Amino acid sequence: MNAAECGATEGEGRRMVQSVQRAVRVLRELAAGGPRLGVTELAERVGVAKPTVHALLRTLEGEGLVVQDSETGRYQLGPGLLLLGNAYLDTQELRARSLSWSDTLATRADEAVWVAVLTGDHVFVVHHAFRPEGVVQILEVGASIPWNTCALGKAIVAFLPPEQRETLLAGDLSALTGSSITDPAALSRQLDEVGRTGHALENQESALGDAGIAAPVFDRNGVAGAIGVIGPVERVLDEAARKDHIVAVREVARQISRELGAGRGGARVARP
């Protein structure tokens, strides 16, 4: 079967199956534009004919990846995606290696701890250790945050290969609050500083009142993700507490890196 028969296109040097691309775009639109969207809306967003979108939706519905509201006829994400997401988390090595270390860091810092990986231009939270204090807290596993608005994202991007870093700096830089940094030059200077110090800071850039301190985690191939403490700005960035948090975050990041096979040389959290 040739490319035309299977609906394949050439994209970025790789053969891409067009129908799969469109199905993924439908899922992403449902994730971004929810809670429910109709066929016409999805067709406009994806840029294909309504019959094609309808066929994609029926196929995705049959696999449990979307569900249709019986009253409105609109679609939303289905439970099958949750199964896939849980399977991903179960096999995510960084998450597995960081479980006990995250609890240790949360106890030491007396703050919540997040572990994240980079997916596209967002960081995806793969683990969340609650702050030890017995207050109501919301589990943030699965949260997706623009890389430029959080310490976790900056800690990762600072140690990416130069071409990947430049691509992200040249891309869409989101603003979630008035403190979000969207100037590429300013972000580049921050990333240089992260590369020197081995940690990144976030001051109310993704959520008002919240701050974060994160350090990169490495595996055999380079930067694998990041771990950081997240909490109220008055606690996390308090001068005395900030210094302790930086030391603790870097130490834990180094330990996880060694467990991931980075070794003593690869587990460093600052460039020479």
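Given the structure is predicted, the values throughout are model-derived calculations rather than measurements.
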Engineer: Quick one, D103 and L99 - any side-chain contact, counting heavy atoms below 4.5 Å?
Structural biologist: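 No - every pair of side-chain heavy atoms lies 4.5 Å or more apart.
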Engineer: Under 4.0 Å between a side-chain nitrogen and a carboxylate oxygen: does that hold for R254 and E251?
Structural biologist: no
Engineer: Does any non-hydrogen side-chain atom of E41 lie less than 4.5 Å from one of R74?
Structural biologist: yes
Engineer: Tell me, do S98 and V217 make a side-chain contact under 4.5 Å, heavy atoms counted?
Structural biologist: no
Engineer: Taking all heavy atoms of V229 and all of A109, pick out the closest pair and write down the distance.
Structural biologist: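 So the minimum-distance heavy-atom pair works out to CG1-CB, 3.8 Å.
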Engineer: R235 side chain to A241 main-chain N or O, any donor-acceptor pair under 3.5 Å?
Structural biologist: no
Engineer: Could you see if L77 belongs to whatever hydrophobic cluster contains V67? Use Ile, Leu, Val, Met, Phe, Trp, Tyr and a side-chain cutoff under 4.5 Å.
Structural biologist: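 In one cluster: no.
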Engineer: Is a side-chain donor or acceptor of R25 paired with a backbone partner of V46 at a separation under 3.5 angstrom?
Structural biologist: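 Such a contact is found between R25 side chain and V46 backbone.
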Engineer: Assess whether salt bridge (charged side-chain N to carboxylate O under 4.0 Å, His left out) is satisfied between E239 and R242, documenting all intermediate values.
Structural biologist: CA-CA 5 Å; E239 185 174 357; R242 181 175 69 245; 5.2 Å; no
Engineer: Who passes ring pair (Phe, Tyr, Trp, His ring centres under 6.0 Å) against W114, sequence neighbours left out?
Structural biologist: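 Only H128 meet the ring pair (Phe, Tyr, Trp, His ring centres under 6.0 Å) criterion with W114.
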Engineer: Under the 3.5 angstrom rule, does the side chain of S188 hit a backbone N or O of P184 as a donor-acceptor pair?
Structural biologist: no
Engineer: Does a side-chain N-to-carboxylate-O contact under 4.0 Å join E61 and R58?
Structural biologist: yes
Engineer: Kindly list each side-chain donor-acceptor pair under 3.5 angstrom involving residues 149-162, sequence neighbours excluded, with atom names and distances?
Structural biologist:
residue	atom	partner	partner atom	Å
T149	OG1	P146	O	2.9
K154	NZ	Q190	OE1	2.8
K154	NZ	L201	O	3.4
K154	NZ	E205	OE1	2.6
K154	NZ	E205	OE2	3.3

Engineer: Can you confirm whether I213 sits close enough to L237 that some side-chain heavy atom of one is under 4.5 Å from a side-chain heavy atom of the other?
Structural biologist: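 Yes, side chains in contact.
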Engineer: Could you check if a side-chain atom of S102 sits within less than 4.5 angstrom of a side-chain atom of I227, using non-hydrogen atoms only?
Structural biologist: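 In contact.
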Engineer: Less than 4.5 Å apart, side chain to side chain, heavy atoms only: is that true for L169 and L191?
Structural biologist: yes
Engineer: State, yes or no, whether a side-chain contact exists between V66 and L27 at a heavy-atom distance under 4.5 Å.
Structural biologist: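 Yes; the side chains approach each other to less than 4.5 Å.
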Engineer: Compare all side-chain heavy atoms of L168 with those of Q164 and state whether any distance is below 4.5 angstrom.
Structural biologist: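 No, their side chains stay 4.5 Å or more apart.
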